[in-house]
Visitor: 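Shown below is the structure under consideration.
To find a chain, count down the sequence lines: A is the first, B the second, and so on, and within it residues start at 1.
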There are 2 protein chains.
Amino acid sequence: MPQPIENAIPDVVILRLPLYVRALAQLHDSDTEVVSSHALGEKLQITPAQIRKDLSYFGRFGKQGRGYNVLYLLSELKSIMGLNQEWRAALIGMGRLGRAIISYPGFVREGFHIVAVFDADPALVGTEIDGVPVRNMAQLDRIISEQRIHIGIVAVPEEHAQAVVDQLVKCEVKGILNYAPISPQVPDGVWIRNIDPVLSLQTLTFHLKG
Amino acid sequence: MPQPIENAIPDVVILRLPLYVRALAQLHDSDTEVVSSHALGEKLQITPAQIRKDLSYFGRFGKQGRGYNVLYLLSELKSIMGLNQEWRAALIGMGRLGRAIISYPGFVREGFHIVAVFDADPALVGTEIDGVPVRNMAQLDRIISEQRIHIGIVAVPEEHAQAVVDQLVKCEVKGILNYAPISPQVPDGVWIRNIDPVLSLQTLTFHLKG
DNA sequence: TAATGTGAAAACCTTCACAGCT
DNA sequence: AGCTGTGAAGGTTTTCACATTA
């Protein structure tokens, strides 16, 4: 007999929530106290109906005739998305890309802290980069549990990426941000996002070509 | 009266095509000559039916009972996506991020060449970085037309990103890869892709939170 | 036999439109 | 009067299932 599956939140909805959070934070910074789905949609190029429907998956946050209280909706959404806590991440791969990642201030500003970095190169291990000691891959398991790390950021060459992802999965890391130009396989219950500018360029050229 | 719109290719399909190209290139590198939708789907975690349906928007590339000739399908897809030509890009913003981008070998390997770089900082303009002279923003228009540049890569701080995008649009650039943490507005006929690791992390935490 | 290409069905997502609240 | 929240309608995308062909 078919199990009536509890209505899950559509994935596309989850992809839009951070956009709402960002727009609401901007509105709050410019001292806007109330916003309608129409005004928010204008800012984000999203229809008002879609915004209302998205929010309705999580509760009722607005006031009819008035709109949404910016600060209240912002704090509710942050709580829904797990953004009112600090997140601790490990960075694997300290080549050029890894260095660019660790020196990017945008992560810390949004509550994502790289608290440990790893590399396979013995020449790097033991040195410090931006004040963070570079560790041996053999220490991954221990450090991840000691430091209560929940996110892995993969910045190793393509050919090692899947192995590193597998290692992270073994260490019970459930969230992975992958910069290598592959789509690594992960088991159910592990969440991965790929940052792949070449793929993005390749979807552009389809529209640009003669 | 409602115009019977010519059945367009769904956007999601276009987003998947580069994945097929990448997988086929790997198969070709490992001397596989023929692949079925099932085998390709296994590699990419995509259902065989979806792959066949996607390909069917563009033609009939397979042989019943056998599958797809890897090299033939690869070359057809590259042609469909505009990937059998070299693409010339301008990079705007030569801070830490811009330097990481210009030194990333993955773009050139896939046929994307950064042939001019720009920055607003007078201290940088006139110097060379990785052998490429850094130019003044005032020269954007002239260089883009002289060098036949079709893609703009935006790596400037958030607060200048929309203005730079607007400038690129004025210069008739139709494809933009944006690294600033905003979603710039562009007119119809201009295509933009955003690279935004913070947004990606924020969609991860939804699944990770207690 | 094995696997494509494709209409039709199912699932999914967006938009409509309006009752109901402020 | 104005705007939310939401069933229902409409549209899009995915999956099914099978006739067809090598």
Visitor: Would you mind listing every side chain to side chain donor-acceptor pair (under 3.5 Å) that reaches into residues 86-104 of chain B, with sequence neighbours excluded?
Guide: Arg96(A)-Ser103(B), Ser103(A)-Arg96(B), Glu86(B)-His113(B), Arg88(B)-Gln147(B)

Visitor: Hey, where on DNA chain C does chain B first and last touch, going 5' to 3'? Cut-off is any atom under 4.0 Å from a heavy atom.
Guide: dA2(C) to dA8(C)

Visitor: Considering residues at least two apart in sequence or located in another chain, which fulfil the salt bridge (charged side-chain N to carboxylate O under 4.0 Å, His left out) criterion with Arg142(B)?
Guide: Glu146(B)

Visitor: What pair of heavy atoms forms the shortest contact from Gln185(A) to Val165(A), and how long is it?
Guide: O-CG1, 4.1 Å

Visitor: So which pairs with a foot in residues 158-174 of chain B pass salt bridge (charged side-chain N to carboxylate O under 4.0 Å, His left out), sequence neighbours left out?
Guide: Glu172(B)-Lys174(B)

Visitor: I'd like to check the ring pair (Phe, Tyr, Trp, His ring centres under 6.0 Å) partners of His207(B); sequence neighbours left out, ordered by chain and number.
Guide: Trp191(A)

Visitor: Just to verify, what does Asp196(B) make a salt bridge (charged side-chain N to carboxylate O under 4.0 Å, His left out) with, not counting sequence neighbours?
Guide: Arg22(A)

Visitor: If you look only at pairs with a residue in residues 28-56 of chain A, which of them pass as a salt bridge (charged side-chain N to carboxylate O under 4.0 Å, His left out), with sequence neighbours excluded?
Guide: Arg16(A)-Asp54(A)

Visitor: Sequence neighbours excluded, which residues qualify as side-chain contact (heavy atoms from CB on, under 4.5 Å) partners of Leu97(B)?
Guide: Ile101(B), Ala155(B), Tyr179(B)

Visitor: Do the side chains of Val164(A) and Leu168(A) get nearer than 4.5 Å, heavy atoms only?
Guide: yes

Visitor: Produce a footprint string for nucleotides 12-17 of chain D: one letter per nucleotide, 5' end first; B if the base is under 4.0 Å from any protein heavy atom, S if only the sugar-phosphate is, - if neither.
Guide: -SSBBB

Visitor: Would you mind listing every side chain to side chain donor-acceptor pair (under 3.5 Å) that reaches into residues 62-76 of chain B, with sequence neighbours excluded?
Guide: none

Visitor: Take Phe206(B) and Ile80(A), measure what side-chain contact (heavy atoms from CB on, under 4.5 Å) needs, and give me the verdict at the end.
Guide: CA-CA 7 Å; Phe206(B) 175 83; Ile80(A) 287 162; 4.0 Å; yes

Visitor: For DNA chain D, determine which residues of residues 19-42 of chain A have any heavy atom closer than 4.0 angstrom to one of its atoms, and list them numerically.
Guide: Ser36(A), Ser37(A)

Visitor: Does some side-chain heavy atom of Ile92(A) sit less than 4.5 Å from a side-chain heavy atom of Ile153(A)?
Guide: no

Visitor: For DNA chain D, find the residues of residues 64-71 of chain A with a heavy-atom distance under 4.0 Å and give them by number; none if there aren't any.
Guide: Gln64(A), Gly65(A), Arg66(A), Gly67(A), Tyr68(A)

